[in-house]
Colleague: 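Here you go, one structure.
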Amino acid sequence: MIEVLDKIIIFRLFGFGINATLFYTWIVMAVLVVGSWLITRCLKTTIEVGKFQTLLEMIVTTIRDQIHEVSGDNPAKYLPIMGTFFLFIAMTNLMTIIPWFKAPTASLSTTLAFSVCVFCAIPYYGIKNAGIKGYLKKFIDPSPVMLPLNILSDFSSTFSLAFRLYGNMLSGAVIASVLMMLAPFLIPLPMQILGLVTGMIQAYIFALLAIVYVSSVAPTVPYVSQNDTKGN
Amino acid sequence: MDPITLIGAMSVLAAGLCISIGGVGPALGEGNTAANALRAMAQQPDEASTITRTLFVAMAMIESTAIYAFVVTVLILYFNPFWNYAVEMASK
């Protein structure tokens with residue numbers, strides 16, 4: 001009933017077994033890359049732009065605004081990594097409605113890889129924002145007694161990201177397969193729709209929490225956005 | 001009772017207890033969170049977007065406890081190391 005995606009070998013490439021997790025990750029990557037390439041091939045700066053350019057602009061602007069609201073910082077700094085997380089997870093979870101598509105986010109290796117990326121991004125952006133001294137000060141805040149707990153909380157918060165995404169995607173798959181065994185006609189449909197909703201919410205939450213963790217060390221110079229200065 | 005029956009029976013019992021007890025707490029917590037967020041939104045409709053975003057984050061945090069319980073249940077039911085060991089011993 002539970003498929004271990006890492007153990008299903010789809011085909012072999014140069015002697016390496018390509019398992020289902022990798023294979024379906026590549027499919028999602030191909031869809032995202034080819035889709036964006038096709039759309040950004042002929043960008044226009046005139047008043048009239050194409051439908052798909054509007055779609056992409058809308059997505060990027062929304063992600064930018066959300067990052068700015070959550071971190072209160074220059075969104076361009078976090079946009080590449082956090083936007084990628086959101087788009088990849090959202091696309092993966094949306095593509096679960098395609099038959100025979102197994103979401104790679106229902107495999108612990110994918111989600112753990114994501115959380116390792118977030119774990120490495122925290123010191124990177126922390127040092128970029130406040131310097132090494134300012135970043136290390138985070139660990140003895142509010143007092144040096146909290147040092148072990150602060151170090152532990154960095155680990156636990158990032159790895160709970162991985163387990164949250166994995167558990168949610170896996171539970172969707174398990175509920176769907178249980179209902180398929182009990183009543184395969186029409187009954188699993190509402191659960192599939194619910195799975196789509198939770199998939200989008202999980203993508204949003206993963207990106208949001210990653211932004212919160214990454215921007216926890218605020219920059220020493222506060223960021224003033226152009227919109228704010230125009231408004232005043 | 002031979003060990004393999006005991007391990008099987010106890011695993012199923014433990015899985016049921018794990019998901020049921022692990023589900024009650026987060027359910028109560030999420031209900032409280034949602035009720036309070038709705039009350040706050042009714043009082044301050046202008047702040048609805050901020051409240052909704054915080055609500056989602058809080059829900060995810062609370063829900064992760066239930067997810068941990070679920071992951072442990074799945075481990076007990078499908079990837080049980082004790083059961084695998086018992087089966088291995090019995091086949092020898």
Side-chain angles (χ1 to χ4, degrees), chain A residues 1-7 62-63 65-72 86 89-90 105-108 111-112 115 153 156-175 177-178 194 197-213 215-216, chain B residues 8 11-12 14-27 29-31 33-34 37-38 40-41 44-85 87-88:
Chain A
M1 199 157 78
I2 286 190
E3 293 166 309
V4 183
L5 292 182
D6 292 354
K7 287 189 181 156
T62 314
I63 297 176
D65 288 348
Q66 288 289 328
I67 295 177
H68 177 61
E69 276 177 40
V70 173
S71 67
F86 175 74
I89 299 171
T105 40
S107 149
L108 196 55
T111 54
L112 271 179
S115 71
S153 94
S156 63
S157 55
T158 43
F159 288 104
S160 76
L161 275 182
F163 282 103
R164 180 177 305 125
L165 185 58
Y166 166 69
N168 265 295
M169 289 301 110
L170 187 71
S171 67
V174 170
I175 290 170
S177 61
V178 168
L194 190 71
V197 175
T198 50
M200 292 309 285
I201 291 177
Q202 286 307 314
Y204 176 70
I205 282 170
F206 188 96
L208 192 69
L209 286 178
I211 296 164
V212 169
Y213 296 150
S215 66
S216 60
Chain B
S11 299
V12 173
L17 280 178
C18 177
I19 196 64
S20 55
I21 298 173
V24 168
E30 284 203 5
T33 317
L38 287 177
M41 262 189 257
Q44 298 162 297
D46 297 342
E47 294 295 313
S49 65
T50 319
I51 295 171
T52 312
R53 200 177 55 234
T54 325
L55 174 70
F56 274 132
V57 177
M59 283 283 202
M61 293 275 191
I62 300 162
E63 201 185 48
S64 53
T65 328
I67 297 291
Y68 298 152
F70 170 73
V71 169
V72 171
T73 312
V74 166
L75 283 181
I76 294 175
L77 282 182
Y78 297 101
F79 308 103
N80 193 336
F82 305 110
W83 174 255
N84 292 343
Y85 179 73
V87 168
E88 209 175 278

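Model, not experiment: these values are computed from the prediction. Order of the sequence lines sets the chain letters (A, B, ...), proteins ahead of strands, with each chain counted from 1.
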Colleague: Side-chain contact, heavy-atom cut-off 4.5 Å: A:N168 with B:E63?
Modeller: yes
Colleague: For residues A:I201 and B:F56, report the shortest heavy-atom separation together with the two atoms involved.
Modeller: CD1-CE2, 4.0 Å
Colleague: So do A:L170 and B:V74 actually touch side chain to side chain, heavy atoms under 4.5 Å?
Modeller: yes
Colleague: Given heavy-atom pairs under 4.5 angstrom as the criterion, report whether the side chain, backbone, both or neither of B:M61 touches chain A.
Modeller: both
Colleague: Only pairs of heavy atoms separated by less than 4.5 Å count here; which of A:F206, A:Y204, A:F163 has the most with chain B?
Modeller: A:Y204
Colleague: How far apart are the closest heavy atoms of A:G167 and B:F70, and which atoms are they?
Modeller: O-CE2, 3.7 Å
Colleague: How long is the span from the OG atom in A:S160 to the CD1 atom in B:I67, to the nearest 0.5 Å?
Modeller: 11.5 Å
Colleague: Can you name the salt bridge (Lys or Arg N to Asp or Glu O under 4.0 Å) partners of A:E69, sequence neighbours left out?
Modeller: B:R53
